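Inspection log for the structure reproduced underneath, given as structure tokens.
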Protein chains: 2
Amino acid sequence: MALKIGELSKATGVSIRSLRYYEKQGLIAPARTESGYREYHKFAVEQVKTIRLYLNLGLSTEQIAGFLHCVLLNKEAFCNEVLPVYQQKLKEIDEQIQTLVRIRSNLDERIQSILSERIDNESMEGTNDES
Amino acid sequence: MALKIGELSKATGVSIRSLRYYEKQGLIAPARTESGYREYHKFAVEQVKTIRLYLNLGLSTEQIAGFLHCVLLNKEAFCNEVLPVYQQKLKEIDEQIQTLVRIRSNLDERIQSILSERIDNESMEGTNDES
DNA sequence: ATTGACTCTGACATTAATGTCACGGTCTAT
DNA sequence: ATAGACCGTGACATTAATGTCAGAGTCAAT
């Protein structure tokens, strides 16, 4: 009935290394056999998939730890810790997008500038570069 | 006439630590006094600002090293190494933006979902959460 | 000559999640 | 009981640019 770590890894596609890491970060707390092996209950599969879901949203293990115990039992809307984390993350992502878009524009202008200068000089041959 | 590293740092706003790092990465090669002090010529101010410009475009010191010697002497359009780096970076940035936009949408949906569920339950008091 | 400001090098820290390795114990099938 | 597959912990590596510290040498002004 209980899963060993290798079985959970295969069932979830998450590496053993990462499962141990999640445990150290307080995201999952398997029982132990007498000999020290981790024993995951079958719900752990869903639990790990939930952790992956939040990690894929760009949340840190620390942030996830702040509400995971609640969302595993309730709908997100019932967990007061979730909304502020989402809103904070949304803000960060908007800032990152803004930065990237600004860089993108700059880069694009430079590329267009180079291309147009090359077209201008396409008629004349014999130019060189790369000192 | 020559600048010491502290003077160049003040003139450019770049930390001494970073100036030494740029040197190690092959971006700038100051002369040395007999006693081992770095001696920058006055053009180094512009050179460092150029380095900062490219770093702010998100290029790595390694990428910058690939064309810096050329762009310090010519217009970008004359340096064949520049365009492929720009195009590669543009591609990466577009991918990053796509990823962020996708996460943003997901996050936004979740926030809206939480908010609407809360509005739905606004009339009924006495609910609780945070097991 | 001494002090204070400056410089040198080398090293360790930072971030976050994951990979990988070493060494040793456990379990299972034969 | 023994081989082979599995598991345990702990440690180091990864990335990239920068901060910071320690210990030592240099320079300029007094």
Side-chain angles (χ1 to χ4, degrees), chain A residues 1-40 44 48-66 68 85 88-89 92-93 95-96 99-100 103, chain B residues 1-40 44 48-66 68 85 88-89 92-93 96 99 103:
Chain A
M1 198 67 269
L3 296 168
K4 279 183 289 186
I5 195 168
E7 296 166 333
L8 181 59
S9 173
K10 274 175 191 159
T12 59
V14 172
S15 74
I16 291 176
R17 176 68 175 85
S18 292
L19 292 175
R20 294 200 186 112
Y21 178 69
Y22 299 161
E23 177 178 351
K24 186 170 236 174
Q25 299 307 111
L27 298 182
I28 190 166
R32 296 292 182 126
T33 67
E34 288 180 13
S35 60
Y37 280 25
R38 288 170 178 81
E39 267 191 318
Y40 297 92
V48 169
K49 287 184 179 175
T50 301
I51 292 169
R52 288 304 321 170
L53 182 153
Y54 290 123
L55 283 175
N56 289 336
L57 277 177
L59 303 186
S60 67
T61 55
E62 189 181 0
Q63 288 175 314
I64 296 169
L68 185 63
V85 171
Q88 163 70 16
K89 190 68 195 175
E92 289 172 15
I93 288 188
E95 288 166 0
Q96 290 174 35
T99 298
L100 287 175
I103 292 177
Chain B
M1 200 65 269
L3 297 168
K4 279 182 288 185
I5 195 167
E7 295 166 335
L8 181 59
S9 174
K10 274 175 191 159
T12 59
V14 172
S15 73
I16 291 176
R17 176 68 174 86
S18 292
L19 293 175
R20 295 199 185 112
Y21 177 69
Y22 300 160
E23 178 177 352
K24 187 170 237 174
Q25 299 308 112
L27 298 181
I28 190 167
R32 297 291 183 125
T33 67
E34 288 180 13
S35 60
Y37 280 26
R38 289 169 179 81
E39 267 191 318
Y40 298 92
V48 169
K49 287 185 179 174
T50 301
I51 293 170
R52 287 305 320 171
L53 181 153
Y54 290 122
L55 284 175
N56 288 336
L57 278 176
L59 303 185
S60 68
T61 55
E62 190 180 1
Q63 289 175 315
I64 297 169
L68 185 63
V85 171
Q88 163 71 16
K89 190 68 197 177
E92 289 172 15
I93 288 188
Q96 289 174 33
T99 297
I103 292 176

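All values reported here derive from a predicted model rather than from experimental measurement. Per chain, numbering begins at 1; letters A, B, ... match sequence-line order.
- Here D:dG10 presents its P atom at 7 Å from NZ of A:Lys24, a figure rounded to the nearest Å.
- Within the 4.5 Å cutoff, no side-chain heavy atoms of A:Thr12 are placed close to those of A:Arg52.
- A:Leu55 is listed as a side-chain neighbour of A:Tyr22, based on a closest heavy-atom distance under 4.5 Å.
- The residue A:Arg20 sits close to a base: some heavy atom pair falls under 4.0 Å.
- For D:dT9, the OP1/OP2 oxygens have a side-chain nitrogen or oxygen of A:Arg32 closer than 4.0 Å.
- Residue B:Tyr22 has no polar side-chain atom (N or O) positioned under 4.0 Å from OP1 or OP2 of D:dA17.
- Residue-level contact check: A:Thr33 touches neither bases nor backbone, having no heavy atom under 4.0 Å from any strand.
- At a cut-off of 3.5 angstrom, counting only N and O atoms as typed in the model, there is a donor on one side and an acceptor on the other between the side-chain of B:Tyr37 and the base of C:dC6.
- In terms of heavy atoms, B:Ala2 sits closest to B:Glu7 at O-OE1, 4.0 Å.
- The number of heavy atoms from other shown groups lying within 6.0 Å of CD (A:Glu95) is above 12.
- We find that B:Glu92 and B:Lys89 are joined by a salt bridge, their nearest charged nitrogen and carboxylate oxygen being less than 4.0 Å apart.
- A straight line from CD of B:Glu92 to P of D:dA16 spans 11 Å, rounded to a whole angstrom.
- With rounding to whole Å, B:Glu62 atom CD is found 12 Å from D:dT15 atom C1'.
- One finds no side-chain N or O of B:Arg38 lying less than 4.0 angstrom from the OP1 or OP2 phosphate oxygen of C:dT7.
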Exercise. Where do A:Val48 and A:Tyr40 land on the side-chain contact (heavy atoms from CB on, under 4.5 Å) test, with the steps shown first?
Worked result: CA-CA 11 Å; A:Val48 169; A:Tyr40 297 92; over 6 Å; no
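- Side-chain N/O atoms of A:Tyr21 and base N/O atoms of C:dG19 include no donor-acceptor pair closer than 3.5 Å.
- Atom NZ in A:Lys89 sits roughly 11 Å away from atom C1' in C:dA16 (whole-Å rounding).
- Proximity of A:Ser35 to the phosphate of C:dC27: a side-chain N or O atom is located under 4.0 Å from OP1 or OP2.
- Regarding B:Leu57, its CG atom lies at a distance of 16 Å from the C1' atom of D:dA17, rounded to whole Å.
- Summarising the geometry, the separation between CD on B:Glu39 and C1' on D:dT26 is reported as 14 Å, rounded to the nearest angstrom.
- Both B:Lys4 and B:Leu55 lie close to DNA chain D; mapped to their nearest nucleotides by heavy-atom distance, the more 5′-ward contact belongs to B:Leu55.
- Side-chain atoms of B:Ser9 never come within 3.5 Å of backbone atoms of B:Ile5 as a donor-acceptor pair (strictly under, hydrogens ignored).
- Put simply, CD on B:Glu23 is 14 Å from P on C:dT7, counting in whole angstrom units.
- A close approach under 4.0 Å does not occur between any side-chain nitrogen or oxygen of B:Thr61 and OP1 or OP2 of D:dA16.
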For this session: Under the side-chain contact (heavy atoms from CB on, under 4.5 Å) rule, what do A:Arg32 and A:Glu39 come out as? Steps first, then yes or no, please.
Result: CA-CA 5 Å; A:Arg32 296 292 182 126; A:Glu39 267 191 318; over 6 Å; no
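- Remark on DNA chain D: of its neighbouring residues B:Glu34 and A:Gly36, the 5'-side contact belongs to A:Gly36, judged by nearest-heavy-atom nucleotide.
- Between B:Ser18 and D:dT18, a side-chain N or O to OP1/OP2 separation shorter than 4.0 Å is present.
- Relative to the axis of its first five pairs, the axis of the last five pairs of the helix from C:dA1-D:dT30 to C:dT30-D:dA1 sits at 30°, rounded to 10 degrees.
- Whole-Å rounding puts the B:Tyr40 OH to C:dC6 C1' distance at 14 Å.
- Side chain B:Arg17 to base D:dT20: a donor-acceptor pair is found below 3.5 Å.
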